[in-house]
Amino acid sequence: MELARTNNCNELDSDYIGETVVVAGWVQRTRDHGSLLFVDLRDRSGIVQLVFSTKIAEEAFKIAESLGQEDVIAVRGLIRKRPAENVNADLPTGEIEIMGEEIELLSASDTPPFLIEDGVKAGEDLRLEYRYLDLRRPEMLETVKIKHQVMQTTRKFLSDNGYWEVETPILTRSTPEGARDYLVPSRLHRGKFYALPQSPQLFKQILMASGVEKYFQIARCFRDEDLRANRQPEFTQIDIEISFPNLVDFKAEMEELIRQIFAINDIVFPNKVPSLSYQEAMDWYGSDSPDTRFGLKIRDLSAIFADSEFRVFSSTIAEGGTVRALKVKEGASFSRSQLDKLEEKVKEYGAKGLAWLAFTESEIKSPIVKFLSEEEIARLRQQLEIEQGDLVLIVASDYKTAVTSLGQLRLLLAEKLDLIPANQYNLLWIEDFPLFSYNEEEARYEAEHHPFTAPLEEDIELLEENPDQVRAAAYDLVLNGEEIGGGSLRINNKELQSKVFSLLNMSAEEAQEKFGFLLQAFEYGTPPHGGIAFGLDRIIMILSGRNSIRDVIAFPKTQRATSPMTKAPGKVSRKQLEELNLEISAEE
RNA sequence: GGGGGUGUAGCGAAGUGGCUCAACGCGCCGGCCUGUCACGCCGGAGAUCGCGGGUUCAAAUCCCGUCGCCCCCGCCA
């Protein structure tokens with residue numbers, strides 16, 4: 001490269017008029033006017049217009065004429081003020097242009113398979129196959145940059161507050177329970193496997209036993225489960241743990257970290273971050289990560305219908321279920337097919353059906369109104385403060401199904417009715433999670449968070465008799481309906497830990513087999529400790545307004561966990577398999 | 001494991017049994033053009049309609065199977 005770059009494209013403005021500069025980058029597009037030719041030159045900073053004229057530089061003009069999209073060039077030229085009528089107000093550099101004097105083609109490009117511009121229409125699989133082209137698009141480079149800034153902000157904040165960044169192994173051992181592990185066969189130990197960490201959970205607790213006191217890591221985590229729009233098989237956590245925690249101070253510190261991260265895009269949260277209990281979140285929003293940017297809360301109608309003639313309601317309640325509802329303002333005008341769509345939604349989440357009552361001017365339209373008494377309708381009107389035009393949507397079911405299906409319906413309605421205010425960011429803590437949840441299939445309790453989560457002090461006495469009523473010293477941080485972080489205080493008391501293991505139906509031997517190294521560490525003086533982990537990718541999604549986690553990871557996987565660019569996962573040679581003592585069994 | 005959506009030139013996309021039935025826009029190639037910035041004008045190339053099989057005189061279109069991608073349920077302590 002003979003021409004040495006002196007400036008980025010985007011920094012050039014009228015201050016530079018009269019200077020000769022060298023810029024370098026990619027050809028965005030050319031506009032050829034015969035003997036005058038314009039080139040939009042793009043680098044990661046932005047775009048500047050180059051002008052080539054046969055009268056100024058015959059040689060450079062000839063090269064410029066042959067340029068195509070995405071050719072990489074360096075250009076020397078004089079910065080010139082544009083004539084007033086030719087200023088481009090849409091470009092930061094629109095007041096000036098560079099009169100090209102010399103041009104060097106550094107790397108010619110084939111015609112790219114799609115246009116390198118924001119709002120690209122190409123299918124996502126093509127974008128992933130040519131990820132380097134996709135990433136050139138300004139809106140993609142922007143997320144790459146934001147992620148860098150978030151990581152820098154995180155490191156600075158935590159380091160300034162006494163946290164040490166410590167690495168933990170990527171090759172570790174499989175610990176059953178939790179997500180499916182990615183396994184790595186061992187060459188030196190026939191038939192044995194490493195596992196990639198689902199999170200550094202056990203290691204960060206051992207770091208507390210090691211005297212680190214305040215730890216963090218921007219940690220890659222691996223989970224071999226099916227993918228979603230916000231789930232990748234490998235993702236990144238901001239992982240944090242402290243010893244001798246004061247929960248109030250710790251949470252305030254974590255709030256401050258989140259504030260500083262979101263300040264990168266000028267997003268500001270109120271001084272007081274509100275809290276909801278798990279129970280409140282489920283009751284009102286049908287979710288443990290509620291979106292509180294709009295109302296439409298779930299209501300409990302069980303008291304009204306406990307003795308109803310309408311058996312669907314009363315027998316559900318008699319069997320321990322519940323009748324819950326959403327009141328949709330102005331919803332009475334929904335068409336039958338719209339209502340059918342809503343019913344499909346609740347059915348996806350296990351509800352048997354969706355009952356509805358539309359309070360129109362003249363009447364109550366509803367397939368079930370004929371089964372309801374006047375008193376029931378009067379009480380319904382009163383409790384829900386029904387006004388003309390309202391629509392009431394009702395699910396009768398077991399508690400979990402009723403609130404989760406209505407919770408999902410609530411989100412669907414918010415989208416359809418455009419209830420979510422733009423540029424609003426509702427941050428809140430969810431607390432008082434249950435320590436255990438009951439797994440019907442396996443007929444045993446499971447840890448809601450993980451088996452080292454401490455119960456709330458005041459609930460410990462309930463462990464014996466009513467384990468399902470024990471609340472955990474766990475907390476999630478939720479932003480706009482997305483769980484962005486979660487953590488807990490950990491158990492560091494041997495008796496309590498074995499109590500929890502036994503409630504989880506795990507024998508001492510089994511616990512020893514699975515987590516022995518952690519339990520042993522606890523034998524040698526482990527401070528009380530606790531921590532949190534934030535989902536870095538989800539934070540970037542919200543921060544950059546993206547709907548897909550794939551847009552905030554430089555090289556993501558498809559929904560089938562493949563990489564169209566590298567073609568991973570790929571076959572390996574027979575020799576490799578033999579070294580690992582592995583054999584691929586025949587297809588069934 | 002299950003439900004839904006989708007696949008037509010390099011990209012986006014119209015076309016749902018027949019007789020210009022493979023439109024249109026972007027991009028690409030050639031030509032013209034000194035003020036464009038989604039430049040404009042003229043001309044051109046480019047498609048085994050995801051793949052395989054079937055029905056039919058006739059299939060992008062109907063049927064069966066299969067594959068890729070996307071969304072969701074299950075799953076994700």
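Note that these values count all heavy atoms, side chains included, but never hydrogens, waters or copies made by symmetry.
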Inset, instruction - May I ask you to say what Glu344(A) touches in the nucleic acid, namely base, sugar-phosphate or nothing, with a heavy-atom cut-off under 4.0 Å? - result: nothing

Inset, instruction - Ignoring backbone atoms, test whether Arg550(A) places a side-chain nitrogen or oxygen under 4.0 Å from the OP1 or OP2 oxygen of C71(B). - result: yes

Legend entry - Earlier contact from the 5' end, RNA chain B, for Leu91(A) and Val120(A): Val120(A)

Legend entry - Gln69(A) side-chain N/O to G27(B) phosphate OP1/OP2 under 4.0 Å: no

Legend entry - Side-chain-base donor-acceptor pair under 3.5 Å for Arg29(A) and G27(B): no

Inset, instruction - Please tell me which of Ala447(A) and Arg560(A) maps to the more 5' nucleotide of RNA chain B, matching each residue to the nucleotide holding its nearest heavy atom. - result: Arg560(A)

Legend entry - All salt bridge (charged side-chain N to carboxylate O under 4.0 Å, His left out) counterparts of Lys81(A), not counting sequence neighbours: none

Inset, instruction - Using only heavy-atom distances, decide whether a donor-acceptor pair under 3.5 angstrom links the side-chain of Asp125(A) to the base of C69(B). - result: no

Inset, instruction - Ignoring backbone atoms, test whether Thr562(A) places a side-chain nitrogen or oxygen under 4.0 Å from the OP1 or OP2 oxygen of C69(B). - result: yes

Inset, instruction - Classify the nucleic acid contact of Thr93(A) as base, sugar-phosphate or nothing, counting any heavy atom under 4.0 Å across all strands shown. - result: nothing

Inset, instruction - Indicate whether OP1 or OP2 belonging to C39(B) is found under 4.0 Å from a side-chain N or O atom of Arg31(A). - result: yes

Inset, instruction - May I ask you to verify if any side-chain N or O of Thr558(A) is less than 4.0 angstrom from the OP1 or OP2 atom of C69(B)? - result: yes

Legend entry - Arg223(A) (side chain) and C76(B) (base): donor-acceptor pair under 3.5 Å: no

Legend entry - C11(B) pyrimidine/purine six-ring stacking with Phe114(A), under 5.5 Å and 30°: no

Inset, instruction - Please work out if Asp32(A) contacts a base, only the sugar-phosphate, or nothing of the nucleic acid, heavy-atom cut-off 4.0 Å. - result: base

Inset, instruction - Look at the side chain of Arg80(A) and the base of G35(B), then say whether one donor and one acceptor between them are separated by less than 3.5 Å. - result: yes

Inset, instruction - Go through residues 49-68 of chain A and report each residue with a non-hydrogen atom lying under 4.0 Å from RNA chain B, sorted by number. - result: Gln49(A), Lys55(A)

Inset, instruction - Could you check whether Glu448(A) gets within reach of a base, just the sugar-phosphate, or nothing at all, counting any heavy atom under 4.0 Å? - result: sugar-phosphate

